[in-house]
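Hydrogens, waters and symmetry mates are skipped; everything else that's a heavy atom, side chains included, is used. We're numbering straight along the sequence, starting at 1.
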Amino acid sequence: MKQKLTILFAVITLTAFGQKNQTVDLKWKIGSNEKLNYLTAMSDIDTSSIEMDFGGLFKALSDSTDNGLKESKSFFKKFNDAFKNQDYVTTLSNKDNGVIDIVMTTRPKEPIKETDIDTTDSKEKEVLKMMQSMTQGVMLRGSVYETGGIHSFWVKSAQKNLIALFFELPTKPVKVGDKWSLDINLITNDQNFDCDSSYKINEVMLIDIKTIDGEKIAVLKYNIVEYVKGNFNTPAFFGSDGGQKETMMKFTHQGIAEFSVDKGRWVNYDGIMSLEATGVMTANKKTKFTLIDEKNASR
């Protein structure tokens, strides 16, 4: 009996050791005529807030009274609201040349309410409606290689970040414990920012390989952190006297995702991006990132 238990323990140990050292190749596997649709959520999950300190800029755009400043901020709030509450669908398709095409489209959940706009200012209403119409249709267009790397190097940084966070994969086989980085830069500043301190963590790790109903699933953990602190030098323009403002910004993205090694696609993807900022911009914002296979969502 003791000998049988010893053999059983040895088999279990070897199996676990084998899974830990097993390598998997994470590649996109999409048929030539297939359209893989993901319902894509990028929604605030708390009482998020962002406020910009434009200093004299607002006063230059309106009158110099407190009432004029409030009206300007109110307009920009309505401007930002036109881009919220969107339904996104991301479609992946095979271009038959080793490249996976990515197109994200959106539609507003509801039109701008007439009561949300001061009907005495027809120009403001026209601008807001125009901005909302711009949020319809294609919002992102890019591509990745079937082998995982970014193909569309030419897209804007913000769009490449989304492509990388959602669809970039390691370009070589990996085993449990292996880490790799993504082609992203969440923080970008111009010459007006003088950085005093900074740090960055950019890693995705394969934390598990499991088998569910005969399907091999790779479990990935995302740990992205970007932090900068320094002084923002306000340019002297639009009536502003310029000056410095101590500024801090920190982005984090934490997530867990499951990728089907056999089918070459996400099974689950859930992440939370956080933004903390003080100074020229005050922010406390958390956004949930989720991909749901449209076929699974309809079940």
Side-chain angles (χ1 to χ4, degrees), residues 14-32 34 36 38 40 90-104 140-187 199-226 251-271 273 289-291 293:
L14 287 172
T15 301
F17 181 80
Q19 288 179 340
K20 184 176 181 181
N21 286 273
Q22 177 186 10
T23 60
V24 291
D25 202 358
L26 307 185
K27 293 184 178 181
W28 291 103
K29 299 176 183 178
I30 300 176
S32 297
E34 183 182 5
L36 176 59
Y38 284 105
T40 308
T90 306
T91 301
L92 277 64
S93 57
N94 195 326
K95 299 185 75 172
D96 295 324
N97 57 355
V99 173
I100 302 299
D101 201 35
I102 300 168
V103 178
M104 181 185 294
L140 180 148
R141 194 189 302 275
S143 49
V144 293
Y145 291 104
E146 288 181 335
T147 51
I150 298 292
H151 173 259
S152 53
F153 63 87
W154 55 86
V155 299
K156 290 183 177 180
S157 178
Q159 296 213 331
K160 188 170 71 170
N161 287 341
L162 280 178
I163 294 170
L165 285 172
F166 276 135
F167 304 111
E168 186 177 1
L169 297 173
T171 56
K172 60 182 181 179
V174 290
K175 63 181 183 297
V176 173
D178 283 351
K179 299 177 182 179
W180 59 94
S181 61
L182 299 179
D183 187 5
I184 61 171
N185 283 98
L186 299 175
I187 296 177
Y199 66 85
K200 181 176 183 177
I201 302 171
N202 181 349
E203 62 182 31
V204 186
M205 182 170 65
L206 178 62
I207 61 173
D208 194 14
I209 300 172
K210 56 187 180 181
T211 302
I212 300 177
D213 296 331
E215 184 178 354
K216 189 178 294 184
I217 304 294
V219 184
L220 281 57
K221 181 180 179 181
Y222 289 75
N223 181 27
I224 311 294
V225 182
E226 293 186 15
F251 268 105
T252 66
H253 182 79
Q254 308 293 320
I256 295 289
E258 295 183 341
F259 189 86
S260 172
V261 179
D262 299 327
K263 296 181 179 179
R265 61 199 60 199
W266 290 122
V267 177
N268 297 297
Y269 183 105
D270 290 290
M273 180 176 287
F289 284 64
T290 302
L291 290 175
D293 190 328

> Considering residues at least two apart in sequence or located in another chain, which fulfil the ring-ring contact (aromatic ring centres under 6.0 Å, His included) criterion with Phe251?
Replying inline: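 Phe251: no ring-ring contact (aromatic ring centres under 6.0 Å, His included) contacts found.
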> What residues, two or more places apart in sequence or in another chain, satisfy salt bridge (Lys or Arg N to Asp or Glu O under 4.0 Å) together with Lys29?
Replying inline: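 Lys29 satisfies salt bridge (Lys or Arg N to Asp or Glu O under 4.0 Å) with no residue once adjacent residues are dropped.
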What's the shortest heavy-atom distance between [X] and [Y], and which atoms?
X: Ala218; Y: Leu26; result: CB-CD2, 3.8 Å
X: Leu206; Y: Val219; result: CD1-O, 3.4 Å
X: Val176; Y: Ile207; result: CG1-O, 3.7 Å
X: Thr171; Y: Gly149; result: CG2-N, 3.7 Å
X: Arg265; Y: Tyr38; result: CB-OH, 3.5 Å
X: Ile163; Y: Leu140; result: CG1-CD2, 3.8 Å

Just verifying a value: how many Å separate [X] [atom1] and [Y] [atom2], rounded to the nearest 0.5 Å?
X: Asp25; Y: Thr23; atom1: CG; atom2: OG1; answer: 8.0 Å
X: Ile217; Y: Ile212; atom1: CD1; atom2: CD1; answer: 5.5 Å
X: Thr90; Y: Ile102; atom1: OG1; atom2: CD1; answer: 8.5 Å
X: Ser260; Y: Asn268; atom1: OG; atom2: CG; answer: 11.0 Å

>> For Phe259 and Val24: C-alpha separation, side-chain torsions, deciding distance, then whether side-chain contact (heavy atoms from CB on, under 4.5 Å) applies.
In response: CA-CA 11 Å; Phe259 189 86; Val24 291; over 6 Å; no
>> Within the 4.5 Å heavy-atom criterion, are Ile100 and Asn94 side-chain neighbours or not?
In response: yes
> Under 4.5 Å between any side-chain heavy atoms of Trp266 and Leu36, yes or no?
Replying inline: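 A side-chain contact under 4.5 Å is absent here.
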>> Can a donor-acceptor pair be found, under 3.5 Å and without considering hydrogens, that links the side chain of Asn97 to the backbone of Val99?
In response: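 Pair found, side chain donor or acceptor close to backbone of Val99.
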> Sequence neighbours excluded, which residues qualify as side-chain hydrogen bond (donor to acceptor under 3.5 Å, both in side chains) partners of Tyr269?
Replying inline: His253
>> Test of understanding: with side-chain hydrogen bond (donor to acceptor under 3.5 Å, both in side chains), list the residues that count as partners of Lys221, not counting sequence neighbours.
In response: none
>> Ring-plane angle category for Tyr145 and His151, please: parallel below 30°, perpendicular beyond 60°, tilted otherwise.
In response: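 Perpendicular: the ring planes of Tyr145 and His151 meet at over 60°.
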>> Between Lys216 and Ile209, is the side-chain contact (heavy atoms from CB on, under 4.5 Å) condition met? List the steps.
In response: CA-CA 7 Å; Lys216 189 178 294 184; Ile209 300 172; 3.9 Å; yes
> Could you give all pairs that pass the salt bridge (charged side-chain N to carboxylate O under 4.0 Å, His left out) test and reach residues 201-210, with sequence neighbours left out?
Replying inline: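 As it turns out, the salt bridge (charged side-chain N to carboxylate O under 4.0 Å, His left out) pairs with a partner in residues 201-210, which skip direct neighbours, are Lys179-Glu203, Lys210-Glu258.
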> Please, which pairs that meet salt bridge (charged side-chain N to carboxylate O under 4.0 Å, His left out) have at least one residue in residues 142-171, sequence neighbours excluded?
Replying inline: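 Non-adjacent pairs meeting salt bridge (charged side-chain N to carboxylate O under 4.0 Å, His left out): Lys160-Asp183.
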>> Apply side-chain contact (heavy atoms from CB on, under 4.5 Å) to residues Trp180 and Leu220 and explain how you reach the verdict.
In response: CA-CA 11 Å; Trp180 59 94; Leu220 281 57; 3.7 Å; yes
>> side-chain contact (heavy atoms from CB on, under 4.5 Å) for Ile256 and Asp270? Distances and angles first, verdict last.
In response: CA-CA 6 Å; Ile256 295 289; Asp270 290 290; 5.9 Å; no
> Hey, which of Val155, Ile224, Leu186 is the one that makes side-chain contact (heavy atoms from CB on, under 4.5 Å) with Asn161?
Replying inline: Leu186
> Does NZ in Lys172 sit with more than 12 non-hydrogen atoms of other residues, nucleotides or ligands closer than 6.0 Å?
Replying inline: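 No, not enclosed.
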